[in-house]
Number of protein chains: 2
Amino acid sequence: MSDARSTSRSTRSGDMAGQMAQAAGDSGRGAIIAAAADCFMEAGYDATSIDTVADRLGATKGRVYHYYRSKAELFYDVYRRGMAINLSTIEPIVKNDLAPREKLAVMCRAHVRNMLEHLSYQRVVMQGVEMHLAGSTTPAQREKLALLMKERERYEGLFRLVLVEGRDQGVFHFSNASFASKAVLAILNNPVLWYRRRRGDEKTAREEIVETFTGFALNSVAAGANSN
Amino acid sequence: MSDARSTSRSTRSGDMAGQMAQAAGDSGRGAIIAAAADCFMEAGYDATSIDTVADRLGATKGRVYHYYRSKAELFYDVYRRGMAINLSTIEPIVKNDLAPREKLAVMCRAHVRNMLEHLSYQRVVMQGVEMHLAGSTTPAQREKLALLMKERERYEGLFRLVLVEGRDQGVFHFSNASFASKAVLAILNNPVLWYRRRRGDEKTAREEIVETFTGFALNSVAAGANSN
DNA sequence: TTGTGATCATACTACCGAGTATGTTGTCAA
DNA sequence: TTGACAACATACTCGGTAGTATGATCACAA
């Protein structure tokens, strides 16, 4: 009954220091989430056993199951973390009062940077989508996944918002806003499928990817062409 | 030694009739491939057991293992079939002597139609990419997967070819041809992630998707904008 | 008619991994 | 100092599934 899985730990209030920040959140779960993200990214959901995650932590199953009721819930938490990263990046930008075209540009750049920066989490998000397309066995898990997908749709909605605003002002052009947002995000997400971290400071290489794919995304919905 | 797994069956020369055509190829494997494609699409690779595939065939494991040495090889064959469908559709178009812009348009439309028409196979192709990103355990399987990825790259190369040709003529604009082809295909593949077959004649709905996403793809690399 | 091989079905093994049950240690509070 | 509980580690169960071994039919060929 008195189970850490349900108690929202207080992290000993006042001990904000020592937070390596690499994986924030409530200490305890944080390290597990980070390790799981790496494992899921490298081997995929099914091929990753709880023992694998534990090994990476230098621990055993006991530690993981102390915080998570099941493997699926651990996965969900990693997914949520990934979406949280994305949402916390984009939402402030949407609130700015930039012109639609510039606002979308900033959003696109930020999104691609997130893809490259937090690769493991983003790959987990992709796996979550695949998992949803497939039938995650139990109905209970389907509901959970459905909730996560709502988060994703909400994220997509932020882009749709700016797109529609831009269309009204004549800077964008498309017939179906939902399709447009999907197309834009499809481009921006693409690097997740092939990007790999390099040694040294490949900052310039990353920025090239950011600029290039942002350019494609903006072009795809730009007004002035003769399509749609 | 005398194993059906290695002998290229002759299909009893002269018996070309009775080919339901729904799943061509050498009779025997054909039905298995089709059933496997459906299963993989509905439940994903790991969640699909050989027994699941056999059940759908109204048969047992014995039949599947008679033609395939392992579950992985069955998957590879489904993947190959999917890529074969795509290649056989696009290659003739590339050989035509259309102007780059029109040629690309035709290619895009054909590609999206394939996505919608052969959904199960295309989803398997996507899973193959994910599988390659993850680490398919044994080195032997990694090699096999690497070969399949070469096929995919070759397919992408067909698009790259037309894109470069168009850039030389000034109708397309981009700095990195590889990135451009990835962006275009990212858009065109997107419907696979959410499209579902409907009842009745949804031909018009499908064609709307085809036209819309083709439009986005063409726009993304169109010359005339101020990006890149 | 016999035997040979293709085409399956049946029955079995072997293992891996999710989940559980329980033990151990440290810490804090009263 | 002594419970009480958090935070793990250890040891086990148990179901599902890939792969195998073997048996049963059937067609066709000699």
Side-chain angles (χ1 to χ4, degrees), chain A residues 1-15 25-33 35-36 39-40 43-77 131 135-138 140-141, chain B residues 1-15 18 26-33 35-36 39-40 43-77 131 134 136-138 140-141:
Chain A
M1 200 198 296
S2 55
D3 196 342
R5 287 192 282 241
S6 52
T7 63
S8 58
R9 212 112 358 71
S10 58
T11 324
R12 281 203 313 283
S13 52
D15 178 14
D26 50 347
S27 172
R29 281 185 169 85
I32 299 178
I33 292 178
C39 293
F40 287 148
Y45 178 78
D46 296 271
T48 298
S49 76
I50 298 290
D51 296 284
T52 307
V53 178
D55 283 354
R56 178 163 300 226
L57 285 168
T60 65
K61 295 171 78 119
R63 182 165 171 193
V64 177
Y65 276 104
H66 179 66
Y67 292 95
Y68 292 97
R69 185 179 305 276
S70 72
K71 181 181 172 184
E73 286 202 5
L74 172 56
F75 179 85
Y76 298 153
D77 226 18
M131 242 163 115
S136 35
T137 44
T138 79
Q141 296 190 354
Chain B
M1 199 197 296
S2 56
D3 196 343
R5 286 192 282 243
S6 53
T7 62
S8 58
R9 213 110 1 68
S10 58
T11 323
R12 283 203 314 283
S13 51
D15 179 13
D26 50 346
S27 172
R29 281 186 169 86
I32 298 177
I33 293 179
C39 293
F40 288 147
Y45 178 77
D46 296 271
T48 298
S49 75
I50 298 290
D51 295 285
T52 307
V53 178
D55 282 354
R56 178 163 301 226
L57 284 168
T60 65
K61 298 172 75 122
R63 180 165 171 192
V64 177
Y65 276 104
H66 180 67
Y67 292 95
Y68 292 98
R69 183 178 305 275
S70 73
K71 181 181 170 183
E73 287 202 4
L74 172 56
F75 180 85
Y76 298 153
D77 226 18
M131 243 163 118
S136 36
T137 44
T138 79
Q141 295 189 354

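Note on naming: letters A, B, ... go to the chains in the order of the sequence lines (proteins, then strands), and numbering restarts at 1 for each one. FYI, side chains are in, hydrogens and waters are out, and symmetry mates aren't considered; it's all heavy atoms of this structure.
- Note that Arg29(B) lies in the cation-pi zone of Tyr68(B), set by a 6.0 Å cut-off to the ring centre and a 45° limit from the axis.
- Residue Arg63(A) has its side chain nearest to dA9(D) when only dA9(D), dA9(C), dA18(C) are considered.
- With dA9(D), dA18(C), dA18(D) as the choices, the nucleotide that has an atom nearest any side-chain atom of Thr60(A) turns out to be dA9(D).
- Here the closest non-hydrogen pair linking Tyr45(A) and Lys71(A) is O-NZ, 3.0 Å.
- For the residue pair Ala31(A) and Leu57(A), the shortest heavy atom distance occurs at O-CD2, 3.5 Å.
- Heavy-atom nearest nucleotides on DNA chain D were determined for Lys71(B) and for Gly62(B), and the one closer to the 5' end corresponds to Lys71(B).
- With rounding to whole Å, Asp51(A) atom CG is found 12 Å from dT10(D) atom P.
- Remark: Thr52(B) pairs with Ser49(B) by the side chain to side chain donor-acceptor pair (under 3.5 Å) rule, at least two apart or across chains.
- Taking every side-chain heavy atom of His66(B) into account, dA6(C) is the closest of dA18(C), dA6(C), dC8(D).
- Separating the OH atom of Tyr65(A) from the P atom of dT10(D) is a distance of 17 Å, rounded to the nearest angstrom.
- As judged by a 4.0 angstrom heavy-atom cut-off over every strand, Thr48(A) is placed among residues touching the sugar-phosphate backbone only.
- Listed nucleotides: dC8(D), dA18(D), dG19(C). Nearest to the side chain of Tyr67(A): dC8(D).
- One can find a donor-acceptor pair under 3.5 Å joining the base of dG19(C) and the side-chain atoms of Lys61(A).
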